[in-house]
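Comments concern the structure below.
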Amino acid sequence: MSADKSVVKVGEEFSIDIQCTMRDFSDLRLFPESLNGEFVLKVVFPDGFVQTGGNYYHSVSGKLLRPGERVTYRLTGKFVSKPPSGKFMLLRGTKHSAEIDRFLYRGELAIAVEDAEEPENVARQTATQAFSQCLEAELMPGANGPITSDPNASNGQTRGAENQYSHFVDYAVNVPSAGLYQVTLRYYSSAAPIVSVTVNGGNAQSISLPNSGSWNIAYTDYTFAVNLNAGASTLKIAGTGGGSCRQDKICVTGEGQICPVLSKVRLHWRTADFNRLNGAKVQGSNDGSVWTDIYTIGVNATGSWQEFTFPNATAYQHVRYAASPTGYGELREIEFYSGATKLSGTPFGSDPNVAAMGWQYAIDGAVTASWHGQYVGIGAHAGPSNFVGLSITGCTTTCITPAIVQTAGTNVCPATNQQVTLTASGYSGNVSWLLNGSAAGSGTALTTVNAGTYTAFSSNGTCTSGQSQAFTVAQAGNCAPPALVPKISSSGFPEILTLSIVADPANPGSWLLSDIGTVSLPAGYEWSYFIGSKWLKTGANLTNEPWQSSSPGRVVKMATKIGLDTLNRWPCPPEGCNYYYQNDAVAQLAPGARGGLTTFIFN
């Protein structure tokens, strides 16, 4: 890693370049062809840093094909507050290690951060207005998770245990004035956690947190907003599902900014289907994911301006109109009000729409054109999945969770390249897709041949939304994989590695790899399997490892010293060693053999 500036001020933008180079492995003597240049990177940010640009994102992946080939990722951002340390930590792994939350440390870069230059009176005014309070999870008396030690934690300890998602922490928060505050939770997770957030026992806000990528190395900070009363409050963060969430601390910041309270909408319907307005809802959200009904419209449209005033005492960051169960949008215009004040903000809405009748027409300030959602064919969706709204200016801190609509294809079949296209809408930021919980792509639309459960989330550098509702893509009933048979094409030292290949009953066209060899594992060692581009370390024989194609493959098996993190280095003893490898880095398993090698094909 290298930075364009070694010293920055708070608020000053700078860039860090992460350069990846494929090393020359030609001098390796042990199965060099089993290694390739596939990788996954993760940078752990210091406190107070936010990303504003660049092509880097968490768990960015790539593959280098030949020695000397390079790729550079740029991380652009700034510090919004002065951190205790400006240290960035770089972690590296493979797609498999990212899936099981295990990364390797690959270095760090420290940036010196200075206070922003401000006139003395402005600095003094900012200090008196801004509020900040950090609370350590392990110091809170109200909690049910065990206290665990961790040298990477902010105070050396955390609260919670691995593989137990149901732990909670009650944070005793005290703010000077009522209003909307930002809460940044620092945590470690074994998989993507789902937590509920409540204030003083009120309505719960459900948040789908991104996976930190490591249970005990890399933490993740996630920021969400809550409304707090002046004085003492209890902010409860409790796991409700997904992966374990080991809480480190929270920091509450803000100035008590109060969002305006929505109390009126004014709308203009199109000149037909007046009954479709009846049952439409006005809704609000403070996390961009869970929407609360504020008002239900109970009359038909008139084809001219109509005004609806309603009681509401809750402030929301995002407000929207959601169509009735039989509606498709069908507005010429809609306006949102707090009292007599018309609200402004960033508009958003649902897709797909009838061509040339997008949701933008409902919020463009004119009644000359109308919005109409898709109502026939693929992508048609009546009801509240047609929506249009505003993220209110001045108080929005969260991203909106995408909605998913199928816009092309009916079902999928990998054998015949039968595809389905999914489209995300109603979101803010950049969209990322997940298939069965694993990364599947990015962008507004995703075309796929793979059956399974798809979700999406959005991010914009300062926030990450929760995951969308799941969308299931089905495989075609007549989809049959080619009648292929696995065959072992070569085997070196089969007494060490005896490979079994069987069809995967849950994924037609895929296979399961297992090692049924009986060679014993020496004490102090673990099995290292190299399966294509994946390095898997385990204390037991390989079992049901997915091979998700019918392409030829290779499996290498060795017994490597526990703690060995790379095949081109092993620490020498203090007296030194005369070889590139320390002699006991890889155990000898048979006369003249330190590993087994099997290649296979399908025909």
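Rounding to the nearest 0.5 Å gives a distance of 13.0 Å between CG of L262 and CZ of R320. Rounding to the nearest 0.5 Å places OH of Y337 at 14.0 Å from CZ of F308. With values rounded to the nearest 0.5 angstrom, W433 atom CH2 is found 9.0 Å from F471 atom CZ. Distance CG/L331 to CG/L277: 7.5 Å, rounded to 0.5 Å. Atom OH of Y187 is separated from atom SG of C245 by 6.5 Å, given to the nearest 0.5 angstrom. The OG atom of S350 lies 4.5 Å from the CG atom of N386; values are rounded to the nearest 0.5 Å.
Contact of the V412 side chain with the V473 side chain is registered, since non-hydrogen atoms from C-beta on lie closer than 4.5 Å. Considering only heavy atoms from C-beta on, V183 comes within 4.5 Å of L235 through its side chain. Two residues are said to be in side-chain contact when any heavy atoms from C-beta on lie closer than 4.5 Å; Y56 and I18 meet this criterion. Between N417 and V449, the closest side-chain pair of non-hydrogen atoms falls below 4.5 Å. Residues S263 and N312 have side chains not in contact (no heavy-atom distance under 4.5 Å, counting atoms from C-beta outward). Inter-residue side-chain proximity for W359 and F387 is flagged as unmet; no heavy-atom pair is nearer than 4.5 Å. Within the 4.5 Å cutoff, the side chain of T346 has no heavy atoms near those of the F348 side chain. With contacts defined as side-chain heavy-atom distances shorter than 4.5 Å, the pair T302/F274 does not qualify.
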Verdict with reasoning, L209 to I194, per side chain to side chain contact (heavy atoms under 4.5 Å, CB included):
CA-CA 6 Å; L209 298 172; I194 302 173; over 6 Å; no

Evaluate side chain to side chain contact (heavy atoms under 4.5 Å, CB included) for L185 paired with I237, printing each intermediate quantity in order.
CA-CA 9 Å; L185 168 66; I237 301 178; 4.2 Å; yes

Check the pair Y427, T444 against side chain to side chain donor-acceptor pair (under 3.5 Å), reporting the backbone distance first and the verdict last.
CA-CA 9 Å; Y427 60 87; T444 299; 2.7 Å; yes

The test is side chain to side chain contact (heavy atoms under 4.5 Å, CB included); show your working for Y222 and T184 and say whether it passes.
CA-CA 5 Å; Y222 184 88; T184 299; over 6 Å; no

Using side chain to side chain contact (heavy atoms under 4.5 Å, CB included), reason through Q374 and V405 one step at a time and then give a plain yes or no.
CA-CA 11 Å; Q374 183 72 27; V405 178; over 6 Å; no

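Looking at every heavy atom in both residues, G452 comes nearest to L435 through CA-CD1, 3.8 Å. Taking each heavy atom of F224 and V197 in turn, the nearest pair found is CE1-CG1, 3.7 Å. Shortest non-hydrogen contact noted between I294 and G284 is CD1-N, 3.7 Å. Pairing each heavy atom of L75 with each of F45, the nearest pair is CD2-CE2, 3.6 Å. The heavy-atom pair separating Y171 from I250 by the smallest distance is CG-CD1, 3.4 Å. Here the closest non-hydrogen pair linking G62 and Y73 is CA-OH, 4.0 Å.
Aromatic ring orientation, F14 versus F79: parallel (interplanar angle below 30°, classes split at 30° and 60°).
Y316 pairs with exactly one of D287, N286, I392, V261 by the side-chain contact (heavy atoms from CB on, under 4.5 Å) rule, that one being N286. When each of L267, V282, L390 is paired with I334, the side-chain contact (heavy atoms from CB on, under 4.5 Å) condition holds for L267 and for no other. Results of the side-chain hydrogen bond (donor to acceptor under 3.5 Å, both in side chains) test with Y454 over T472, N436, T448 single out T448 as the only residue that passes.
The backbone N or O of D351 lies less than 3.5 Å from a partner atom in the side chain of S425, making a donor-acceptor pair. For S465 (side chain) and S458 (main-chain N/O), a donor-acceptor pair under 3.5 Å exists by modelled atom type. No donor-acceptor pair closer than 3.5 Å links the side chain of S15 to the backbone N or O of D4. Panel note: side chain Q133, backbone N174; a donor-acceptor pair is recorded below 3.5 Å. Not one N or O on the side chain of Q418 forms a donor-acceptor pair closer than 3.5 Å with the backbone of P414. Of the possible polar contacts, one joining the S324 side chain to the R276 backbone as a donor-acceptor pair under 3.5 Å is found. At distances below 3.5 Å, not a single donor-acceptor pair connects side-chain atoms of E333 with backbone N or O atoms of A369. Q360 places no side-chain N or O within donor-acceptor distance of the main-chain N or O of I363, the cut-off being under 3.5 Å. Of the possible polar contacts, none joining the Q247 side chain to the H167 backbone as a donor-acceptor pair under 3.5 Å is found. A donor-acceptor contact shorter than 3.5 Å is absent between the side chain of N411 and the backbone of Q475.
Remark: the T401 side chain and the S468 side chain contain no N/O donor-acceptor pair separated by less than 3.5 Å. Between the side chains of T407 and T423, at least one donor N or O sits under 3.5 Å from an acceptor N or O. For the residue pair T421 / T447, a side-chain donor-acceptor distance below 3.5 Å is found, with atom types taken as modelled. For the residue pair S285 / H318, no side-chain donor-acceptor distance below 3.5 Å is found, with atom types taken as modelled. Using modelled atom types and a 3.5 Å distance limit, the side chains of K281 and T296 yield a donor-acceptor pair. A donor atom on one side chain and an acceptor atom on the other are found under 3.5 Å apart for Q467 and T455. T72 and D17 are not linked by any side-chain donor-acceptor pair at a separation below 3.5 angstrom, with hydrogens and angles left out of the test.
We find that E12 and K5 are joined by a salt bridge, their nearest charged nitrogen and carboxylate oxygen being less than 4.0 Å apart. Salt-bridge check for K78 with E13: failed, with every basic side-chain N at 4.0 Å or more from each acidic carboxylate O.
When the shell of 6.0 Å around OH of Y165 is examined, it contains 12 or fewer heavy atoms from other residues, nucleotides or ligands. Heavy-atom neighbours of Y295 OH from other residues, nucleotides or ligands within 6.0 Å: above the threshold of 12.
For F88 and F49, the ring centers sit closer than 6.0 Å to each other.
Under the 6.0 Å distance and 45° angle rule, R266 counts as a cation-pi partner of W305.
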